[in-house]
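Written below as structure tokens is the structure these notes are about.
Per chain, numbering begins at 1; letters A, B, ... match sequence-line order.
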Amino acid sequence: MFESEQKRIETQIKTYCKEHDLPVREIAWSWIPFSGNWGIAASFFQLAADDARAKGLKINVPQRAQEIAGSIADAIELSEAFERVEAVKGYLNIYFSGKIYAMRVIDSVLREKTAYGQGDATGQRVMVEFSQPNTHKAFHVGHLRNVILGNSVCNILAKAGNDVIRANYLGDIGLHVIKWMWCYLKYHDGEVPSGDITRWMGDLYAEATRRHESEPEAEAEIRALFARWDQRDPDVVALWERTRQWSLDGFDEIYRTLNVKFDHLYFESEVEDSGKEIVDELVAKGLAVDERPENPVVVKLDELCGTKEKYRVLVVLRSDGTSLYATKDLSLAIKKFEQFQLTRSIYVIDVRQSLYMQQIFKTLELMGYPWTKDCYHLAYEIVNLPGNVTMSSRDGTVVFLQDLLDEATARALAIVEEKNPALDAETKQSIANKVALGALKYSMLSRDNTKIVTFDWDAALDFNGQAAPYIQYAGVRANSILRKAGGVVPAALPLEYDLTVVEIELIDLVSRVPKEIQRAAAECKPLFIANLAYDIAQAFNNFYRLCPVIQAEPQVRDFRLRLAAASRQAIVNCLALLGIETPEVM
RNA sequence: GCCCUCAUAGCUCAAUUGGACAGAGCGUUUGCUUGCGGAGCAAAAGGUUGGGGAUUCGAAUUCCUCUGGGGGCGCCA
């Protein structure tokens, strides 16, 4: 908001240091705590310590830092954008001119609207691969975190100024698909899915797994079917195409419900053949060892890298010549960069794949691809059930996505009925969807990627406290004020009264949106945005309680209307980055 | 055995990336609606940041070590 003025002050400080024989260093600005007034702060401890070291002096650092801050405070000349400067406990605090700052923040939010927070174009093209569901399998709450996180990271990266390609990589072939088809042919031939497609597919997969374990002849039959697939037996291929489509239709439905879109779809089946060529190349280059048919084709990474028990061994092809996950992933990585000229490739995959991802990247590096340094595994922890039980479609310990969504929406709808009985049914349903989905998404995005989420029905369906509905509600309240005031946001106007502390805090938080977006993008952490959205909502509720808007005198009223509109916009923008919609009423 | 990861209020999590008094929600206790929407607000109680050491003017944050959870480690994905 005050970048140019800030630069000028930095120059002044550096000049002062030069003139007074002090070390010159970059100034790291931070916010001033204890809000009430706002501005920027820089500490001088480091500078004081460096100075003492350089001159061989023994000093009390905090005291010396305070002296330096004090004399800089005296020497500095402020433009009218700043109100005052003071030295406190070794910090130099420079307070913005409240009125100018407040106007700038609100004006820019209302001018830019949904684009508020949009960063300058970085020229970077980033592909984010996420979701990666397997066809012929269930889609449960454990898969939800990936989709929600990946989607939000895409939103944030794009908002930060990157050209983002949203990619999905579907596991449409492999042993699990063959197993599914075996069970289908033997026990369900001719059946078609009804109702919830994904669940139907998932149930059949669970049955296949059960039968595979209990029926002695299963193993041989499944292997025979795999062989027919490998020969591209037309009947098997036709069945595969038909059943695969069922899953894809089911996934489309889920993505539509979650409001998630992809720019590009990759299928495992399309990189299988090229993957096998990569394996040949690896063997030819001496990077992989082919000991078939006794052993599979492996890349002995530790031997190649001179490391011990770090990268282990990557198996790239089965001894019978069929492909593995790694076969296809190597090929896919190359395809991505060639196809889209990426500057960065992000894989949103759970933390259990960390070693595997390192192996893939290392192998590609050994093959000589210079872009492997631009590949990044965004690891997140999994969603467990209470008692540290991992969700597993095989063991039937899953919470189905649809069940969760239905339950959440039903509860949200009941509350809307209670709060807003006059609304028409369609509006109520739409609000319930936004609230329920918001609550689920927020609960997964408001904690660090490295933290395990323990799924708990009550926690997932709690609409109170630090949760999306609280934030949405703040936006709705702002909307309500604006509606009552005639639905028109007043044009920009000069600020003619002294702001209260709560207004200042609110404006301060609203002003942080662009910087937090950059920070969240740099670290792929939607958490930062989730926290900020909550802080803004909380500050808005304070404002709502303490600062009358509609009954205020005209000039105050108009400014506060603008502040309410800006607050709502900031909330809407932040929630949008998390993939959460803000309703008009709720 | 090797590697990764987590440990902060009774519970679930934050903490501007090494800075100013470690903050929220839930739960507990006590209050607040002829006032712009109570899915809200205010107050109280709750902490030796798992233990120990090191670096630093300064450590929840970095390093070492120990303890305790979770995960991964040659033909699953």
By the 4.0 Å heavy-atom rule, please label [X] as base, sugar-phosphate, or nothing.
X	result
Ser446(A)	sugar-phosphate
Ala48(A)	nothing
Arg312(A)	base
Arg519(A)	base
Ile452(A)	sugar-phosphate
Asp535(A)	nothing
Val416(A)	base
Gln66(A)	nothing
Asp456(A)	nothing
Asn388(A)	sugar-phosphate
Lys484(A)	sugar-phosphate
Val585(A)	base
Ile550(A)	base

Look at the side chain of [X] and decide which nucleotide, out of [options], has an atom nearest to it.
X	options	answer
Arg477(A)	A15(B), G40(B), C75(B)	G40(B)
Asn541(A)	G40(B), C2(B), A77(B)	G40(B)
Thr450(A)	C13(B), G72(B), C6(B)	C6(B)
Val476(A)	G37(B), C2(B), U16(B)	G37(B)
Asn464(A)	G40(B), G70(B), A20(B)	G40(B)
Gln353(A)	A77(B), C36(B), G71(B)	A77(B)
Arg318(A)	C76(B), G37(B), G35(B)	C76(B)
Val315(A)	A7(B), G37(B), G74(B)	G74(B)
Tyr325(A)	C36(B), A14(B), A77(B)	A77(B)
Tyr470(A)	A20(B), G37(B), G40(B)	G40(B)

Think [X] has a side-chain N or O under 4.0 angstrom from the OP1 or OP2 of [N]?
X	N	answer
Lys328(A)	A77(B)	no
Asn542(A)	A42(B)	yes
Arg352(A)	G71(B)	no

Exercise for the section: Going 5' to 3' through nucleotides 27-33 of chain B, assign each nucleotide B (protein heavy atom under 4.0 Å from a base atom), S (under 4.0 Å only from sugar-phosphate atoms) or - (no protein heavy atom that close). Expected result: -------

When you measure only distances, ignoring hydrogens and angles, does the side chain of [X] come within 3.5 Å of the base of [N] through a donor and an acceptor?
X	N	result
Ser319(A)	C75(B)	yes
Glu523(A)	U17(B)	yes
Asp329(A)	A77(B)	no

Completion exercise
From CZ of Arg512(A) across to C1' of A15(B) the rounded distance in Å is 12 Å

Handout entry: Gap between atoms CZ and P, on Arg483(A) and G37(B) respectively (whole Å)
Key = 8 Å

Any strand counts, and the cut-off is 3.5 Å on both contacts for Watson-Crick or G-U wobble. Which nucleotide pairs with [N]?
N	value
G68(B)	C6(B)
C41(B)	G31(B)
A24(B)	U12(B)

Exercise for the section: State whether Asp508(A) and Arg512(A) are salt-bridged, where the test is any N-O pair (Lys NZ or Arg NE/NH1/NH2 against Asp/Glu carboxylate O) under 4.0 Å. Expected result: yes

For nucleotides 55-60 of chain B, list the nitrogen or oxygen atoms of the protein found under 3.5 Å from its nitrogen or oxygen atoms, one pair per line.
from	atom 1	to	atom 2	distance (Å)
C57(B)	OP1	Arg53(A)	NH2	3.3
C57(B)	N4	Gln46(A)	OE1	3.2

Problem - Side-chain donor-acceptor pair present, Asn384(A), Thr454(A), cut-off under 3.5 Å - result: no

Exercise for the section: Would you please say whether a donor-acceptor pair under 3.5 Å links the side chains of Tyr205(A) and Asn134(A)? Expected result: no

Sort me out a list of protein N/O and nucleotides 22-24 of chain B N/O pairs below 3.5 Å, or just none if empty.
from	atom 1	to	atom 2	distance (Å)
A24(B)	O2'	Tyr534(A)	OH	3.1

[atom1] atom, [N] versus [M]: distance in rounded Å?
N	M	atom1	result
C64(B)	C3(B)	P	11 Å
G38(B)	A22(B)	C1'	31 Å
G46(B)	G23(B)	P	15 Å

